[in-house]
Amino acid sequence: MAKNEFKGKRKKNQASASDEIITLNNVSKAYATGAPALNGVDLHIKKGEFVFIVGDSGSGKSTMIKLLLRELVPTSGDINVMGYDLVRIRHSKIPKFRRNLGIVFQDFRLLKDRNVYENVAFAQRIIQVSNKDIKRNVPSILATVGLAGKYKAKPRQLSGGEQQRVAIARALVNRPSILLADEPTGNLDPKNSWEIMKLLEQINENGTTVLVVTHNREIVNAMQKRVVTMKKGVIVSDEEKGGYIDED
């Protein structure tokens with residue numbers, strides 16, 4: 001699909017700028033060697049959307065996530081997330097920006113020497129939430145993810161699906177505006193994968209904007225959410241109620 005044709009197809013579904021929580025305008029990212037990781041990407045995501053980002057390895061998905069986290073700065077273009085200009089943001093304001101982001105990874109990244117409660121509470125202590133509020137917030141979010149009875153367990157005592165639920169609870173306990181999930185089902189069996197995706201859908205229905213990077217075509221095809229497909233650093237498709245596109 002030609003670039004102009006693609007842009008026109010998505011344009012009629014775009015919200016006004018005031019409704020957008022993530023905006024990438026003509027964003028490129030080039031590393032010291034090799035082809036650009038991103039090349040002129042435009043992406044507009046509204047508050048409360050659920051969006052899948054899909055594509056083969058090397059398509060630019062990981063670079064996009066790092067740009068949204070402000071771990072990287074684009075070579076050119078503009079990025080605005082939750083009102084923050086991520087190209088010009090002062091380094092001292094980055095921690096405050098990230099407090100409004102929840103992040104879930106494929107490998108869980110739990111603290112192995114701490115129990116479930118302490119893993120989730122850790123996210124609150126980083127931003128200096130009071131002990132009184134932590135004692136209220138942590139049990140509440142653990143109940144939301146179905147782990148109310150597991151708060152004393154260490155990560156090694158949990159199944160993979162349970163560990164990912166702890167990671168999601170940790171990502172949500174500070175009530176972020178956006179949840180970024182990078183291959184959240186990559187280490188899970190099909191049953192646990194579906195349970196995690198249903199949980200993410202529930203979180204989205206409660207108002208959180210959810211972005212999921214995944215290779216799981218079965219889930220993408222079944223859930224019928226917005227699907228942004230990337231290939232070689234560009235967006236080749238952006239479809240409401242889309243599916244996983246096979247690329248040659």
Between [atom1] on residue [X] and [atom2] on residue [Y], distance to nearest 0.5 Å:
| X | Y | atom1 | atom2 | value |
| --- | --- | --- | --- | --- |
| Ile65 | Leu72 | CD1 | CG | 11.5 Å |
| Lys198 | Ser193 | NZ | OG | 11.5 Å |
| Ile79 | Ile89 | CD1 | CD1 | 11.5 Å |
| Leu67 | Leu86 | CG | CG | 8.5 Å |
| Gln164 | Gln106 | CD | CD | 9.0 Å |
| Phe122 | Leu111 | CZ | CG | 5.5 Å |

- Task: For salt bridge (Lys or Arg N to Asp or Glu O under 4.0 Å), just list the numbers for Lys191 and Asp189, CA-CA rounded to whole Å, side-chain angles, deciding distance to a tenth of an Å, and then say yes or no.
- Result: CA-CA 6 Å; Lys191 179 178 181 295; Asp189 60 38; over 6 Å; no
What closest approach, in Å, do [X] and [Y] show between heavy atoms, and which atom pair accounts for it?
| X | Y | answer |
| --- | --- | --- |
| Lys150 | Glu162 | CE-OE2, 3.3 Å |
| Ala222 | Trp194 | CB-CH2, 3.4 Å |
| Ser57 | His215 | N-NE2, 4.0 Å |
| Gly40 | Asn26 | CA-OD1, 3.4 Å |
| Met230 | Ser59 | O-CB, 3.4 Å |
| Pro176 | Ala171 | CG-O, 3.3 Å |

Kindly say whether [Y] contributes a backbone atom to a donor-acceptor pair with the side chain of [X] at under 3.5 angstrom?
| X | Y | value |
| --- | --- | --- |
| Asn192 | Leu188 | no |
| Arg217 | Gly243 | no |
| Asp133 | Val129 | no |
| Thr75 | Ala30 | yes |
| Ser28 | Ser76 | no |
| Asn174 | Asn100 | no |
| Glu49 | Lys46 | yes |
| Lys29 | Asn39 | no |
| Gln124 | Ala121 | no |

- Item | side chain to side chain contact (heavy atoms under 4.5 Å, CB included) between Val166 and Leu158, intermediate numbers included | CA-CA 10 Å; Val166 177; Leu158 303 175; 3.8 Å; yes
- Message: Within 45 degrees of the ring normal and closer than 6.0 Å to the centroid, is that where the cationic atom of Arg109 sits relative to Phe105?
- Response: yes
- Query: Looking at Phe50, does the NZ or CZ of Lys225 lie under 6.0 angstrom from its six-membered ring centre and within 45 degrees of the ring axis?
  - Reply: yes
Grouping I, L, V, M, F, W and Y whenever their side-chain heavy atoms are under 4.5 Å apart, do [X] and [Y] come out in a common cluster?
| X | Y | value |
| --- | --- | --- |
| Leu38 | Tyr31 | yes |
| Tyr84 | Ile45 | yes |
| Ile196 | Tyr244 | yes |
| Val27 | Val87 | no |
| Ile94 | Ile103 | yes |

- Pair Val228-Val51, side chain to side chain contact (heavy atoms under 4.5 Å, CB included): steps then yes or no: CA-CA 7 Å; Val228 174; Val51 182; 3.8 Å; yes
Is the number of heavy atoms from other residues, nucleotides or ligands under 6.0 Å of [X] [atom1] greater than 12?
| X | atom1 | value |
| --- | --- | --- |
| Lys154 | NZ | yes |
| Arg99 | CZ | yes |
| Tyr117 | OH | yes |

- Could you please spell out the steps behind the salt bridge (Lys or Arg N to Asp or Glu O under 4.0 Å) verdict for Asp238 and Arg226? CA-CA 7 Å; Asp238 186 346; Arg226 179 179 169 190; 2.7 Å; yes
- Message: Val120 and side chain to side chain contact (heavy atoms under 4.5 Å, CB included): which single residue from Leu172, Ile141, Ile134, Val145 fits?
- Response: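 Running side chain to side chain contact (heavy atoms under 4.5 Å, CB included) over Leu172, Ile141, Ile134, Val145 with Val120 returns exactly one hit, Ile141.
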- Task: Please say which of Thr208, Thr209, Leu101, Leu211 ends up in a side chain to side chain contact (heavy atoms under 4.5 Å, CB included) with Leu179.
- Result: Thr208
- Task: Verify salt bridge (Lys or Arg N to Asp or Glu O under 4.0 Å) between Lys47 and Glu20, making sure each step is shown before the conclusion.
- Result: CA-CA 6 Å; Lys47 296 175 184 177; Glu20 292 174 4; over 6 Å; no
- Message: Under the criterion side chain to side chain contact (heavy atoms under 4.5 Å, CB included), I'd like the reasoning laid out for Met223 against Lys241: C-alpha separation, chi angles, the key distance, then a yes or no.
- Response: CA-CA 8 Å; Met223 290 186 70; Lys241 296 184 179 180; over 6 Å; no
- Query: Below 4.0 angstrom, N of the basic side chain to O of the carboxylate: do Arg125 and Glu118 qualify?
  - Reply: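 Yes.
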- Let me see the working for Asp78 and Arg88 under salt bridge (Lys or Arg N to Asp or Glu O under 4.0 Å), right down to the final yes or no. CA-CA 9 Å; Asp78 294 301; Arg88 298 166 184 85; 3.3 Å; yes
Kindly indicate whether the side chain of [X], heavy atoms from C-beta on, has any atom under 4.5 Å from the side chain of [Y].
| X | Y | value |
| --- | --- | --- |
| Ile168 | Leu199 | yes |
| Ile178 | Ile21 | yes |
| Lys231 | Asp56 | no |
| Ile22 | His44 | no |
| Val104 | Leu180 | no |
| Ser237 | Val227 | no |
| Met197 | Leu200 | yes |
| Thr144 | Gln202 | yes |

- Verify side chain to side chain contact (heavy atoms under 4.5 Å, CB included) between Val220 and Val54, making sure each step is shown before the conclusion. CA-CA 9 Å; Val220 171; Val54 304; 4.0 Å; yes
